[in-house]
Amino acid sequence: MHALVDGNNFYVSCERVFRPSLNGRPVVVLSNNDGCAIARSNEAKALGIRMGTPFHDIRSQLPDAGVVALSANFTLYGDMSSRLMAIAAGLGPAQEIYSIDECFIGLHGMPGDLLQRAVRLRERVLRWIGIPCGIGIGSTKTLAKLANHVAKDAERRPDARYPSALAQVCDLSRLPAGCTLDQVLAATPAADVWGIGPRLTAQLERDGIRTALDLARADAPTLRRRFGVIVERTVRELRGEACIQLEDLPPPKKEVACTRAFGVPVRTLAPLQEAVSDYASRAAFKLRQQRTRASQVLVFIHTNPFRRSDKQYARSITMPLRRPSGDTAAIVQAALRGLLAIWQPGYRIHKAGVILLDLQDAGVEQGELELDAATAREAGPLMAALDRLNDRYGRGTVQVGSAGLGGDARTWTMKQQWRTPQYTTCWDDLPVARA
DNA sequence: TCTGGGGTCCTAGGACCC
DNA sequence: TCTGGGGTCCTAGGACCC
């Protein structure tokens with residue numbers, strides 16, 4: 001048996017904890033560069049603002065509908081997330097943190113009334129950190145996901161699709177009298193099932209598969225042939241056959257990336273070199289945080305694909321490192337060499353990124369014959385000192401020279417017009433309580 | 001005028017091997 | 001006119017997730 005705990009409209013809820021005046025109002029949180037909506041309050045959803053709606057399409061609604069738009073504050077959300085996860089871990093013996101706002105809890109061997117436990121946990125999360133969440137319980141991860149979807153939909157739109165008794169906490173293995181699993185599955189569009197995206201939805205539709213119940217009753221081998229093993233697994237999971245294990249030990253990452261769209265298009269090489277240096281440094285830092293090293297560095301640049309009238313350009317290149325490395329200097333150098341190889345003048349570059357590939361555990365050391373004393377120098381202590389300084393005095397205190405001077409000298413940084421303070425992670429931003 | 005970032009997995013096809 | 005079988009590895013592209 002699994003539970004899925006998921007913060008409702010998580011980013012919006014985090015903002016509301018520190019600005020209660022946002023309660024009851026339509027609120028959207030925007031992606032980096034204030035590009036599009038990545039979280040919406042229930043009121044914003046009711047206005048028809050969809051996930052991923054470009055901000056320029058919402059803008060007109062701001063004044064008359066009273067929509068509040070905020071820039072994403074990932075530092076705040078990350079900190080609130082660790083608090084949520086710590087509390088949610090109390091629900092059962094195993095936890096898989098699946099994303100910033102949701103985790104699976106393994107419930108095997110839990111005594112007592114699981115539904116009551118879940119209800120109490122939900123209250124505790126709300127009381128301790130102010131985040132409303134939905135909890136779904138099911139015999140497989142896919143069913144727990146579906147139960148969670150039901151819990152949230154039934155709360156937001158009581159009796160629209162599901163009985164309001166299923167709101168907030170929903171256990172598909174113990175439905176209330178007069179409500180069957182088949183009814184719940186039949187009320188759920190196939191598109192709302194975990195693992196069924198827009199493309200598959202359209203293809204399944206053509207085969208007459210429209211609801212989760214249709215999917216659960218479909219012939220698994222046929223679906224495997226037509227759509228592959230993932231869809232087959234989803235079908236089996238919907239029937240209660242556990243195919244996806246709980247991963248309470250996160251598997252090591254296979255790649256680490258830092259990619260950004262620019263606040264304004266970039267036409268010249270110099271700012272691109274600054275940006276790529278900055279992204280490569282950030283990626284190298286993440287690499288060291290998880291004690292891994294990279295063997296290859298991919299760098300890419302491209303124009304804005306939405307601007308059809310612009311001349312389009314997109315290229316990437318993968319640069320091998322001489323040996324697996326977590327050294328910022330080596331990684332930045334490789335990224336800059338790659339950039340020079342793919343750079344062409346005459347385009348409005350919209351986005352660039354650095355992706356570190358072929359990651360290896362930092363504990364694994366490949367012995368080799370040293371022929372070149374310069375490259376043999378051990379960068380470990382230097383990187384450790386760099387990370388300590390930046391941790392103590394703030395990110396960017398010490399950085400590679402090629403990333404530029406920072407501040408206003410950087411023309412390419414992203415737009416964040418409405419970012420809220422880092423209430424929980426920065427002394428200067430600490431909220432003040434007034435009597 | 002304005003459209004995010006960071007991941008994972010699967011599959012098909014080509015190169016190459018014996 | 002006739003032209004094997006069975007592998008592995010790599011890459012690009014597609015699909016999905018939040």
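Per chain, numbering begins at 1; letters A, B, ... match sequence-line order. Quantities reported herein were computed from a predicted structural model and do not represent experimental measurements.
Between Arg217(A) and Leu213(A), some side-chain heavy-atom pair lies under the 4.5 Å cut-off. The closest side-chain heavy-atom distance from Leu107(A) to Ile137(A) is below 4.5 Å. Taking the side chain as every heavy atom from C-beta outward, Asp207(A) and Phe227(A) approach each other to under 4.5 Å. In this structure, Lys152(A) and Tyr162(A) have side chains that are not in contact, with every pair of non-hydrogen atoms separated by 4.5 Å or more. Two residues are said to be in side-chain contact when any heavy atoms from C-beta on lie closer than 4.5 Å; Thr140(A) and Glu241(A) fail this criterion.
Checking dG6(B), dT3(B), dC16(C) against the side-chain heavy atoms of Arg199(A) singles out dC16(C) as nearest. Candidate nucleotides dG6(B), dC10(B), dT8(B) were compared by shortest atom distance to the side chain of Lys286(A), and dG6(B) ranks first. Distances from the side chain of Cys36(A) to the nucleotides dT3(B), dC17(C), dG6(B) place dT3(B) closest. Side-chain atoms of Trp194(A) lie closest to dC17(C) of the nucleotides dC17(C), dG7(B), dG4(B). Distances were taken from every side-chain heavy atom of Val229(A) (C-beta onward) to each of dA15(C), dC10(B), dG6(B); the shortest belongs to dC10(B). Counting only heavy atoms from C-beta on, Pro198(A) has its side chain closest to dC16(C) among dT3(B), dG4(B), dC16(C).
Across all strands shown, Ile100(A) has no heavy atoms under 4.0 Å from either base or sugar-phosphate atoms. At a threshold of 4.0 angstrom between heavy atoms, the contacts of Arg307(A) are confined to the sugar-phosphate backbone, with no base atom among them. At a threshold of 4.0 angstrom between heavy atoms, the contacts of Phe306(A) include nucleobase atoms, whether or not backbone atoms are also involved. Residue Pro305(A) is classed as having no contact, given no heavy-atom separation below 4.0 Å to the nucleic acid. Note on Ile355(A): nothing from the nucleic acid sits closer than 4.0 angstrom, heavy atoms only. Residue Val264(A) is classed as having no contact, given no heavy-atom separation below 4.0 Å to the nucleic acid. No engagement by Phe74(A) is indicated, since no non-hydrogen atom pair under 4.0 Å with the nucleic acid exists.
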Could you please spell out the steps behind the ring-ring contact (aromatic ring centres under 6.0 Å, His included) verdict for Tyr98(A) and Trp194(A)?
CA-CA 13 Å; Tyr98(A) 178 68; Trp194(A) 190 37; 5.6 Å; yes

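Checking the phosphate oxygens (OP1, OP2) of dG6(B), a side-chain nitrogen or oxygen of Arg260(A) falls inside 4.0 Å. OP1 or OP2 of dT3(B) sits under 4.0 Å from a side-chain N or O of Asn304(A). For Lys351(A) and dG5(B), the shortest distance from a side-chain N or O to OP1 or OP2 is below 4.0 Å. Between Lys145(A) and dC18(C), a side-chain N or O to OP1/OP2 separation shorter than 4.0 Å is present. One finds no side-chain N or O of Ser31(A) lying less than 4.0 angstrom from the OP1 or OP2 phosphate oxygen of dT3(B). Proximity of Lys415(A) to the phosphate of dC2(B): no side-chain N or O atom is located under 4.0 Å from OP1 or OP2.
The aromatic rings of Tyr11(A) and Phe74(A) sit perpendicular, their planes meeting at an angle over 60°, well past the 30° parallel limit.
Taking atom CZ of residue Arg224(A) and atom P of nucleotide dC10(B), one finds them 11 Å apart after rounding to whole Å. Computed from coordinates, the Asp57(A) CG to dT1(B) P distance equals 14 Å when rounded to whole Å. Computed from coordinates, the Glu255(A) CD to dA12(C) C1' distance equals 14 Å when rounded to whole Å. Here dA15(C) presents its C1' atom at 13 Å from CZ of Phe227(A), a figure rounded to the nearest Å. Distance, His350(A) NE2 to dG5(B) C1': 12 Å, rounded to whole Å. Going from atom CD of Glu237(A) over to atom C1' of dC17(C) covers 15 Å, rounded to whole Å. Atom pair Asp101(A):CG and dC17(C):C1' shows a separation of 12 Å (rounding to whole Å applied). Rounded to whole angstrom, the span from the CG atom of Asn9(A) across to the P atom of dC18(C) amounts to 14 Å.
Distance noted for atom P between dT3(B) and dC18(C): 25 Å (whole Å).
Between Tyr11(A) and Ala257(A), it is Tyr11(A) whose nearest contact on DNA chain B lies nearer the 5' terminus. Mapping Asn33(A) and Gly228(A) onto DNA chain B via the closest heavy atom, the residue that lands nearer the 5' end is Asn33(A).
In this structure, dT11(B) forms a base pair with dA12(C), meeting either the Watson-Crick or the G-U wobble geometry with both donor-acceptor distances under 3.5 Å.
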